Each structure stands twice: as C-alpha cells, then as structure tokens.
Amino acid sequence: MTTLANKIQDVFNEPGCGKNQGKSEKERKKGCTKQLAPGAAAGGCAFDGAKIALQPITDVAHLVHGPIACEGNSWDNRGAKSSDSSLYRTGFTTDIGENDVVFGGEKRLFKSIKEIVDKYDPPAVFVYQTCVPAMTGDDIEAVCKAAAAKFNKPVVPVISPGFVGPKNLGNKLAGEAILDYVIGTMEPEYTTPYDINIIGEYNLAGELWQVKPLLDELGIRILACISGDAKYREVASSHRARAAMMVCSKAMINVARKMEERYGIPFFEGSFYGIGDMSDSLREISRLLIERGAPQELMARTEAVIAREEVRAWERIAPYTARLTGKRVLLITGGVKSWSVVAALQEAGMEIAGTSVKKSTKEDKERIKELMGQDAHMIDDMTPREMYKMLKEARADIMLSGGRSQFVALKAKMPWLDINQERHHAYAGYEGMVELVAEIDKALSNPVWAQVRLPAPWEETSWEERATKAIEAEAASLAADPEKAEAHRRARKICSCRDVSLGAIEDAIASKNLDSVAAVGAELGAGTGCGGCQEKIAAILGEKAGAGAIPASIAA
C-alpha cells in the first residue's frame, strides 16, 4: 500500500494538470480528487476508471482480481469498438470468495493467469486489483512478476483499488501502469517521419475510424492509439512516435507528459468534435510532425484535405440549419466535451443554454468562455430538479447528456440525445459532425413529443402540473417569509466533499476575518476535497469584501 500511496501522491502532484498549476505545494499534497465514502461510488470508482482506460486494448486478457461483481459491473461499460481481436470483450475474474479473504487469493490469481495463458495465449495479461484483495494484502505485483517469468509473457499489475478515489484517478493510475510496464518494452517493425500517438481516445462507437481515413490519406500513421482499438504491441512500441495528440487531458495527461519527458514526444490537446476543431487538430498534427522532420509539403496536402472536407460537410449540414438555427441546447457532460461539443453545436446555428463543467479543467473553462463569451452559463453540478425546471420552462429545446440524466428530460417531455460513453452513434470528425446534426434534428422533430405532451384524458391535472405547482408554491412560501428565505439561502451546500454550507462559510469569514480560499479551507475544510467549489468560495469572499450580495449562481 505504500507504493500505491506514493503513486497516488505522484498523480496528485501532476504538473501538467491545469488545476494543480494554480495551487500551492501544500494544497497539491492534499490531493486533487474527491475521496469516496463507502457506498458512495456513484459515477465510478478508481478500479472502474482503470478498466475503462485500458480495456479498449483489444488483444489483451483483462483479468479482474476480486469478487465477481467487480467484473460484472465494469464489463463492456463503454462502447469501444475493435477492428480485429475481440478478446477484450471476454470477462475474466478470479471470483474470490470467503476462503480467499481469510487465507489469501494469490494462488488463485496465479492459477487464473495460467488458465488464461493456456487457453487464449494473449500477448499480455492485465491484472486489475480491486478493494478486497487490496485490503487483505494480496501482493498483486509479486504474483504478476512470478507469472511473467513462469509463462514468458507480460503480466501487468494495474494497482487501482476502488476505495482510493473516483474514476478519473483510476484513469491516471491505469496510465501509470502502462508507463511502468508496457510503453517502451518493444520496438515497432519500422518507423516513419509521420508516426503519431493519439492519447485519451477510446474509439467509442467507432469514432476513431471517422478520423483515421483522413490521416491515412495524408500518410500519417497512428503508431498507437491509447487505448481505442489498440493492440498490445502498438502501445508497447509507442515511444517511437514523432508527435502525439491528447484528446482527454483529464484522463491521461500524465501519460502524454511523461512520454514527452522520457522520449521527447511533443503533444498538444485537441478535439475531433466539430468542423473547426477537426481542421485545427489536423493542422496541429501536421505542424508537429514537420517540426520533427516530416517534409514541409505535408502542410499543403493537409490544407487541401481540410478545404475539401469542410466544403463537403457544410453542404451536407445545410439542409438541417434552417430547422436547427436558434434551438437551445442544455449540455450536461464534462471534460473536453464541455467545450468541443459547444463549438460543434454553434457551427450548426444552435445556442447553448448551459454546459456542465463538473469534470472540466481550468483550460476547458477558458475555452468555453472564448466560445460563449464571459457570461457563459457554466454549470458545476446541476441537480435533477434544476435540469427539469430549465427544460420545463423551455429555456432549452433539447438536452445532450449521459444515460444517468436522460430520465429528467423524458419526465419533462423534452428531446434527449446521448453524448457520453454509452452512445451508439459516432460524432467525431467531419462525418461525425454531420451525424450529430442529423441525430439532433431527428430528436427535435420526432412527432412523439407532441403526443406525450397532451394531457391524459383520465387526469384532471397531470403530474407535471402538480410538480410545477409544488415548485411555485415553495418559491411563493420563501418570498412571503424573509426569515425562511434567508435560512434556505444559507443552507445552500457549497462544498459537497466536506458538507459545508453557504451560511457556515459566511459566518467563518465574518467571525475569523478570513480573506482567502486557503484560509476558509483551513478553518472549515471547504475546497480541500475535489477543489470544484474553490471558485464559489472565492466569489463569496469577493462579495463579502465588497459588502455586496452573494451571486445568484451561488445563492440560488
């Protein structure tokens, strides 16, 4: 566990992380992620994040050392597609039981690895540690080392038990595992001046295949995609690439940065969503390759492909723009999609009612402001009730989100489109932009919405009308009782990690003369967990210093 603790601290101190760059060394040591409470792993634990990040390596056997429920819960939870091997879709687990908890599960793990090697003979076996064997003390690394020597095959320990943190931390721990045990261990059959890595791309619904034909046309070879539609040998020899593109910095910024430090591979963060961002990414890939020795004429060929594809994409989008122009979209996602999808939607003439930034970096938020203006409605964490109210009041015509939020839109009888990892449509590249616009148009124009909005003939009032009346009654009650309204305002949760309310922060600022986010954190613990509420605390401090009212975005 000491090794794991050191690894987690190393991830916490990640210098490539935009949020860390604004912290003091003391704040970085407190961690950059919210620690999970038992039974509160909604959204995915560290093990889940590690499995998500590495499972798209298609020819590897992914063995989960833990209870069978861990494998069942994480199996195939992303629609990552493969062009070749399907071994990654086979669920392997040691299925440890009570005896293994008491006497240890190391022998069981070794036998499981042997059975996989004998039956499937994969190029490598990835072994994922889960909570139970981590707590009982199974030495996963020692077993993997012994198995690798015995079977003359790479056996990679992925040390990411669920209790150490959320999914995003697991993504980074998975990156550390391949940095330690995989990348740089093999050599490619040959190299070219056009070799690149794509990092943080998982080929969801086959999105990589919408981009790869354009790169192939330009002669640019994807030496390794980490990890969508990847093969073990490609990842192992990825250290010979000339440049890299980072698609999701929240997931694998540590991989891109360390590969730049160790192997001199420059990288940039880009997006394949939207016509403009796709073109910019192609230009930046070509620019980096030219800097690393590729012929200068590569840029001219790139511009020719971009010009052709942009004209073709706009021609195919044109029939939809008349119906979509002015439509308002509520975007509940995070990370790179919080700004890259915004750009794609704006290109089709749509307006953004609000975009979630719960999983977004500081750089992501700055890009949103560039796209939407300084008054951009960025949502840190919108409750289902707030989503419902926004949709019901027609402040948005459609919601784009993940599967967990779809029922809010359906209850509001508003169109919804899946934009997250479970989606079945690919939205990357020029082809993907046309597909996204077509799917939004289909969702908005579906005649079912006119039907479901009609009141049921057997009901005098619908449940929506009753819900709306309840919301209005609560607002009227607060308006009529200033004391109750003030208590409601002060009870507003600012820091969910440490359960700190707005009133508690105001009282501490007033009584202790606190004048910084760090001081509030030292006094109440607020802002010392995931760090997502630090901007809110800074706003409260600013308003208190100016003796003004608390911003509506905080007080509401």
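If you read the sequence from its start, that first residue is 1, and numbering goes on from there. Fair warning: this is a prediction, and the values are worked out from it, not measured in the lab.
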Just how far is it from atom [atom1] of [X] to atom [atom2] of [Y], taken to the nearest 0.5 Å?
| X | Y | atom1 | atom2 | result |
| --- | --- | --- | --- | --- |
| Ser401 | Trp416 | OG | CH2 | 5.5 Å |
| Lys51 | Tyr128 | NZ | OH | 6.5 Å |
| Arg312 | Ile275 | CZ | CD1 | 11.5 Å |
| His239 | Met186 | NE2 | CE | 10.5 Å |
| Ile290 | Leu298 | CD1 | CG | 5.0 Å |
| Lys327 | Thr325 | NZ | OG1 | 10.0 Å |

Would you say [X]'s side chain and [Y]'s backbone share a donor-acceptor pair under 3.5 angstrom?
| X | Y | answer |
| --- | --- | --- |
| Thr58 | Lys231 | no |
| Thr130 | His65 | yes |
| Asn203 | Lys81 | yes |
| Arg240 | Tyr190 | no |
| Ser82 | Ser85 | yes |
| Glu284 | Gly270 | no |
| Asp397 | Arg328 | yes |
| Asn446 | Val448 | yes |

Inset, instruction - Quick one: do Ile253 and Phe267 satisfy side chain to side chain contact (heavy atoms under 4.5 Å, CB included)? Show the steps, please. - result: CA-CA 10 Å; Ile253 182 67; Phe267 74 93; 4.0 Å; yes

Legend entry - From CA spacing to verdict: salt bridge (charged side-chain N to carboxylate O under 4.0 Å, His left out), Glu431, Arg316: CA-CA 10 Å; Glu431 287 292 324; Arg316 297 171 65 195; 2.8 Å; yes

Any side-chain heavy atom of [X] within less than 4.5 Å of one from [Y]?
| X | Y | answer |
| --- | --- | --- |
| Ser238 | Ile226 | yes |
| Phe47 | Val64 | yes |
| Val127 | Val158 | no |
| Pro188 | Leu223 | yes |
| Gln346 | Met350 | no |
| Ile116 | Pro122 | yes |
| Arg283 | Ile306 | yes |
| Ile440 | Leu417 | yes |

Taking atom types as modelled, find out whether [X] and [Y] have a side-chain donor-acceptor pair closer than 3.5 angstrom.
| X | Y | answer |
| --- | --- | --- |
| His62 | Gln55 | no |
| Asn168 | Lys172 | yes |
| Gln129 | Ser160 | no |
| Trp209 | Ser83 | no |
| Gln406 | Asp418 | no |

Inset, instruction - Sequence neighbours left out, what pairs pass salt bridge (Lys or Arg N to Asp or Glu O under 4.0 Å) with at least one residue falling in residues 191-200? - result: Asp195-Arg221

Legend entry - Passing candidate, side chain to side chain contact (heavy atoms under 4.5 Å, CB included) with Leu218, options Ile285, Leu289, Val305: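 The side chain to side chain contact (heavy atoms under 4.5 Å, CB included) with Leu218 is passed solely by Val305 among Ile285, Leu289, Val305.
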
Inset, instruction - Test ring pair (Phe, Tyr, Trp, His ring centres under 6.0 Å) on Tyr427 and Phe272 and set out the steps. - result: CA-CA 8 Å; Tyr427 299 136; Phe272 292 136; over 10 Å; no

Legend entry - Derivation of the side chain to side chain donor-acceptor pair (under 3.5 Å) call for Glu176 and Tyr181: CA-CA 9 Å; Glu176 292 294 321; Tyr181 296 100; over 6 Å; no

Search all heavy atoms of [X] against all heavy atoms of [Y] and return the closest pair with its distance.
| X | Y | value |
| --- | --- | --- |
| Ser227 | Tyr202 | OG-CD2, 3.6 Å |
| Met252 | Gly200 | SD-N, 4.5 Å |
| Tyr263 | Gly184 | OH-CA, 4.0 Å |
| Trp449 | Pro415 | CZ2-CA, 3.4 Å |
| Ala61 | Phe92 | CB-CE1, 3.9 Å |
| Ala241 | Ile265 | O-CG1, 3.5 Å |

Legend entry - Audit row: Glu303, Arg308, salt bridge (charged side-chain N to carboxylate O under 4.0 Å, His left out) steps and yes/no: CA-CA 9 Å; Glu303 291 294 345; Arg308 183 195 70 206; over 6 Å; no

Inset, instruction - Could you go through the side chain to side chain contact (heavy atoms under 4.5 Å, CB included) check for Leu288 and Arg292 one step at a time? - result: CA-CA 6 Å; Leu288 284 180; Arg292 297 298 310 282; 5.6 Å; no

Legend entry - side chain to side chain contact (heavy atoms under 4.5 Å, CB included) between Asp59 and Ile57, intermediate numbers included: CA-CA 6 Å; Asp59 59 348; Ile57 302 177; 4.0 Å; yes

Legend entry - Neighbour count >12 (heavy atoms, 6.0 Å) for atom CD, Glu189: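 It does not: Glu189 CD has 12 such atoms or fewer within range.
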
Legend entry - NZ/NE/NH1/NH2 to OD/OE distance under 4.0 Å, Lys442 and Glu439: yes

Legend entry - Salt bridge flag under 4.0 Å for residues Asp229 and Lys212: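 Answer for the salt bridge query: no.
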
Inset, instruction - Begin with the C-alpha distance, continue with both residues' side-chain angles, and end with the deciding distance and a verdict on side chain to side chain contact (heavy atoms under 4.5 Å, CB included) for Ile178 and Leu54. - result: CA-CA 9 Å; Ile178 58 173; Leu54 298 182; 3.7 Å; yes

